[in-house]
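All remarks here apply to the structure that follows.
In what follows, every chain begins at residue 1, and chains take the letters A, B, ... in the order their sequences are listed.
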2 protein chains.
Amino acid sequence: MERWEEALAQAGYRVTVPRRVVAAVLSEADTPCSAQVVFELGKIRYAGLGLVTVYRTLALYESLGLISRVHVHDGCHGYLATTPGHRHALICTRCGRSVEFLGQGDLDLLIARLEKRTGYRVQEHLLQLFGLCSGCRGTDE
Amino acid sequence: MERWEEALAQAGYRVTVPRRVVAAVLSEADTPCSAQVVFELGKIRYAGLGLVTVYRTLALYESLGLISRVHVHDGCHGYLATTPGHRHALICTRCGRSVEFLGQGDLDLLIARLEKRTGYRVQEHLLQLFGLCSGCRGTDE
DNA sequence: CCCATATTGAAAACTACTATCAAAAACAAC
DNA sequence: GTTGTTTTTGATAGTAGTTTTCAATATGGG
């Protein structure tokens, strides 16, 4: 929770109530949240919160690398807090609960091979896995 | 180009002018196209084309596995023709040109390890790489 | 505590996408 | 070919998600 305020201050942004609220919501959620959901959860903590501010704050946090915008199958974007380092998401398609993980080495190999073959120079990547968490698998299998 | 018509017929769908136009646009594009772009490029070939039909056709082709909806950084969705088999995209961040590739084995290892650790059962994944193609690297490096 | 400035929230604007429905086209049977 | 049934289409209108604008407000340095 301190992490967010520090990052803001360090980058010269003010630490405000709405920004603290959005940070709180995101750092507690273990599911990618749409802007709308962040807005609703945020209003519980601070009734005056505006949707516009949520969008702005999400964009700000994303630019600071505090959260990442992930692709969600139906809606479009979900926002997820990122712990430092490059991480990927494993998302349960039933309950939406997600786990982050580092997937460095494995991709490095793939990327190196690909760069050689295509002539591209890879800078970034988006890796998201979808499946069922142990809870949601329930009786199947 | 035949591939599209066959797939439609085989699944019991009619082969129509708009569907042929969308297929033509997508099979020629080597860049993920938004619905809007498909619409505009499509109208060049067939002025009567409607945007609604483009959306419907894209959804149809996606359900047939002929294209995949990829995550594009700014807009949201881009559509890209998929050659049979499971493929991923490597997209140039400057010119948008993209290359498809198979990334099976590498991920399998990662996925297996992850399943053991998290208890999740992985069903699907989304992998997109972003970088610069040889043309766009130009003078840098 | 005060002030300059960053930040906010409401309303309106804009874009992406979806539902509705009568008209048009595709395919199959003749 | 022609006909008829059914799918498909495109225009309009509607909904959802996101951005712009701008006066009011809150922040942090002095």
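- One can place CG of B/Leu58 at 12 Å from P of D/dT9, the figure rounded to the nearest angstrom.
- Using a 4.0 Å heavy-atom distance criterion, A/Tyr46 is classed as a sugar-phosphate-only contact.
- In this structure, the CD atom of B/Glu5 is 12 Å from the P atom of C/dA26, given to the nearest Å.
- Nearest nucleotide to the side chain of A/Val52, out of C/dT8, D/dT20, D/dG10: D/dT20.
- Nucleotide D/dG28 holds its P atom 10 Å from the CG atom of A/Leu8, rounded to whole Å.
- Annotation for B/Leu64 and B/Ala11: closest pair CD2-CB, 3.7 Å, computed over non-hydrogen atoms.
- The base of D/dG29 is not paired with the side chain of A/Arg14 by any donor and acceptor separated by under 3.5 Å.
- In this entry the distance linking CD of B/Gln36 with C1' of D/dG17 reads 16 Å, nearest Å.
- Nearer to the 5' terminus of DNA chain C, by closest-nucleotide assignment, is the contact made by A/Val54 (compared with the other of A/Val54 and B/Ala35).
- With hydrogens and angles ignored, the 3.5 Å screen pairs a side-chain donor or acceptor of A/Tyr61 with a backbone N or O of A/Arg19.
- Rounded to whole angstrom, the span from the CG atom of A/Leu60 across to the C1' atom of C/dT8 amounts to 13 Å.
- Taking side-chain N and O atoms only, A/Thr16 has no distance below 4.0 Å to OP1 or OP2 of C/dA6.
- At whole-Å resolution of the value, CD in B/Glu40 and P in C/dA16 are 10 Å apart.
- Checked against C/dC17, D/dT9, C/dA10, the side chain of B/His77 finds its nearest nucleotide in C/dC17.
- Neither OP1 nor OP2 of D/dT9 sits under 4.0 Å from any side-chain N or O of B/Thr53.
- Across the interface with DNA chain C, nearest-nucleotide mapping of B/Val17 and B/Arg56 shows B/Arg56 to be the residue nearer the 5′ end.
- With DNA chain D read from its 5' end, the first of the two nearest nucleotides for B/Gly12 and B/Leu51 is the one closest to B/Gly12.
- Donor-acceptor pairing under 3.5 Å, judged by distance alone, is absent between the side chain of B/Arg19 and the base of D/dT8.
- Tested against B/Leu126, the residues A/Ile91, A/Leu129, A/Leu126 include a single side-chain contact (heavy atoms from CB on, under 4.5 Å) partner, A/Leu126.
- Between B/Cys133 and B/Cys92, the closest heavy-atom pair is N-SG, 3.3 Å.
- Contact check on A/Glu28 versus A/Arg45 returns a salt bridge, with a Lys/Arg side-chain nitrogen under 4.0 Å from an Asp/Glu carboxylate oxygen.
- One finds no side-chain N or O of A/Tyr55 lying less than 4.0 angstrom from the OP1 or OP2 phosphate oxygen of D/dT19.
- Rounded to whole Å, the distance from NZ on A/Lys43 to P on C/dT8 is 17 Å.
- Atom CD of B/Glu62 is separated from atom C1' of C/dT18 by 16 Å (rounded to the nearest Å).
- Checking the phosphate oxygens (OP1, OP2) of D/dT9, no side-chain nitrogen or oxygen of B/Tyr13 falls inside 4.0 Å.
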